[in-house]
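Position 1 is the first residue of the sequence; numbering continues from there.
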Amino acid sequence: MKKKLSMRFHTRKWVKPEDLNPNGTLFGGKLLAWIDEELALYSIIQLENSRIVTKHMSEINFRSSSKQGDIIEIGIDVVKFGISSLTLQCEARNIMTRETIITIESTTMVSLGADGKPQPHGKTEIEFIRDRLK
């Protein structure tokens with residue numbers, strides 16, 4: 001059995017008319033763009049490098065939908081630190097219905113150097129901004 005990670009929910013998005021598909025529900029591509037951006041921002045902060053790219057996403061499992069006016073919450077947890085990568089797990093849920101909308105078991109984000117090639121980041125555990133400020 002897979003160990004359940006404790007998701008940290010970092011951001012919320014409000015579903016607006018421009019986010020809908022022809023069925024009147026949240027367009028999956030819009031949600032994936034929100035998730036990819038959040039994973040990149042999380043990785044930039046963790047790895048302290050603004051040159052981060054998405055290398056791989058595992059199977060994406062859509063489990064429910066949402067409609068205009070709903071508030072979506074995106075949760076992230078670290079699965080593992082690689083030499084130049086960070087592997088993350090993600091869940092997006094609908095705060096209004098309390099249902100999980102999508103789960104992504106694994107997304108690999110890679111830290112790049114100025115030359116655009118993978119660069120070791122030297123990180124081995126999650127760091128919180130409050131700890132860096134001490």
Side-chain angles (χ1 to χ4, degrees):
M1 181 181 279
K2 202 176 268 189
K3 179 184 153 207
K4 177 74 172 150
L5 299 173
S6 61
M7 273 311 144
R8 291 177 183 84
F9 287 87
H10 296 278
T11 195
R12 292 177 182 94
K13 297 287 188 178
W14 190 20
V15 180
K16 297 178 274 198
E18 60 268 25
D19 303 323
L20 303 178
N21 62 29
N23 298 320
T25 59
L26 177 61
F27 176 56
K30 176 63 94 169
L31 179 56
L32 288 172
W34 290 343
I35 288 170
D36 192 38
E37 181 177 29
E38 287 305 311
L39 294 172
L41 292 170
Y42 185 85
S43 299
I44 287 166
I45 292 165
Q46 282 300 309
L47 303 180
E48 297 181 87
N49 180 3
S50 61
R51 291 180 301 274
I52 299 290
V53 294
T54 306
K55 181 182 188 316
H56 175 265
M57 267 189 182
S58 69
E59 176 180 307
I60 298 163
N61 185 9
F62 286 93
R63 296 170 51 182
S64 68
S65 62
S66 71
K67 60 186 185 333
Q68 183 178 332
D70 286 349
I71 298 169
I72 307 306
E73 192 171 44
I74 299 170
I76 299 169
D77 203 0
V78 173
V79 175
K80 78 174 190 180
F81 285 85
I83 293 169
S84 63
S85 65
L86 180 60
T87 303
L88 304 167
Q89 183 178 54
C90 181
E91 176 183 344
R93 62 188 182 192
N94 185 329
I95 294 175
M96 313 307 269
T97 65
R98 303 194 186 284
E99 291 182 302
T100 295
I101 298 171
I102 190 174
T103 56
I104 304 172
E105 286 299 313
S106 158
T107 301
T108 304
M109 309 300 286
V110 176
S111 176
L112 303 179
D115 61 358
K117 297 191 185 319
Q119 167 185 287
H121 51 66
K123 306 288 183 173
T124 59
E125 62 184 27
I126 298 170
E127 294 178 339
F128 297 94
I129 299 295
R130 67 178 179 269
D131 297 331
R132 290 182 189 161
L133 299 175
K134 289 181 183 177

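- Although no hydrogens or angles enter the test, the distance criterion places a donor-acceptor pair under 3.5 Å between the side chain of N21 and the main chain of N23.
- E48 and K123 are joined by a salt bridge, as a carboxylate oxygen and a charged side-chain nitrogen come within less than 4.0 angstrom of each other.
- At least one donor-acceptor pair under 3.5 Å links the side chain of H121 to the backbone N or O of G82.
- Under a cut-off of 6.0 angstrom, the local environment of CD in E18 is crowded, with over 12 non-hydrogen atoms contributed by other residues, nucleotides or ligands.
- With hydrogens and angles ignored, the 3.5 Å screen pairs no side-chain donor or acceptor of T107 with any backbone N or O of M57.
- Distance check: S84 OG to K55 NZ gives 9.0 Å after rounding to the nearest 0.5 Å.
- L32 has its side chain within reach of I104: a pair of non-hydrogen atoms, C-beta onward, lies under 4.5 Å apart.
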Query raised in the report: Under the side chain to side chain contact (heavy atoms under 4.5 Å, CB included) criterion, do E127 and Q46 qualify, and how do the steps go?
Result: CA-CA 6 Å; E127 294 178 339; Q46 282 300 309; 4.3 Å; yes
Report task. Could you walk me through whether I74 and C90 pass side chain to side chain contact (heavy atoms under 4.5 Å, CB included), step by step? Result -> CA-CA 7 Å; I74 299 170; C90 181; 3.8 Å; yes
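- At a threshold of 4.0 Å, the pair K16-D19 does not count as salt-bridged, since none of the basic side-chain nitrogens sits closer than that to a carboxylate oxygen.
- If you take CG on L39 and CH2 on W34, they are separated by 14.5 Å, rounding to the nearest 0.5 Å.
- Residues L112 and P118 come closest through the heavy atom pair CD2-N, 3.7 Å.
- For S65 against I101, the heavy-atom pair with the smallest separation is O-CG1, 4.5 Å.
- S111 OG to R51 CZ: the interatomic distance, rounded to the nearest 0.5 Å, is 7.5 Å.
- Few gaps surround CD1 on I71; more than 12 heavy atoms of other groups in view lie less than 6.0 Å from it.
- Within 6.0 Å of CZ on F27 lie no more than 12 heavy atoms contributed by other residues, nucleotides or ligands.
- In this structure, S50 OG and L41 CG are separated by 11.0 Å, a value rounded to the nearest 0.5 Å.
- Tracing side-chain contacts under 4.5 Å through hydrophobic residues (I, L, V, M, F, W, Y), one never reaches V110 starting from F81; they form parts of separate clusters.
- The minimum heavy-atom distance between S58 and E105, with the atom names listed, is OG-N, 3.4 Å.
- Grouping the Ile, Leu, Val, Met, Phe, Trp and Tyr side chains by contacts below 4.5 angstrom, directly or via other members, places I126 with I52.
- If you take CG on L47 and CG on L86, they are separated by 5.0 Å, rounding to the nearest 0.5 Å.
- With hydrogens and angles ignored, the 3.5 Å screen pairs no side-chain donor or acceptor of N49 with any backbone N or O of G113.
- The side-chain heavy atoms of T100 and N61, taken from C-beta on, include no pair separated by under 4.5 Å.
- A donor-acceptor contact under 3.5 angstrom links the side chains of D36 and T54, judged on distance only.
- I72 and S66 make their closest contact through CD1-OG, 3.6 Å (heavy atoms, listed as atom of the first residue, atom of the second, distance).
- Follow the hydrophobic side-chain contacts under 4.5 Å out from F62 and you reach I35 in the same cluster.
- Shown here for D70 and W14, the closest heavy-atom pair between the two residues is O-CD1, 3.5 Å.
- When all heavy atoms of S43 and L88 are compared, the pair lying nearest together is OG-CD1, 3.5 Å.
- No side-chain heavy atom of R8 sits under 4.5 Å from any side-chain heavy atom of I76.
- A side-chain contact (heavy atoms from CB on, under 4.5 Å) with T11 is found for one member of E38, E37, E73 and no other, namely E38.
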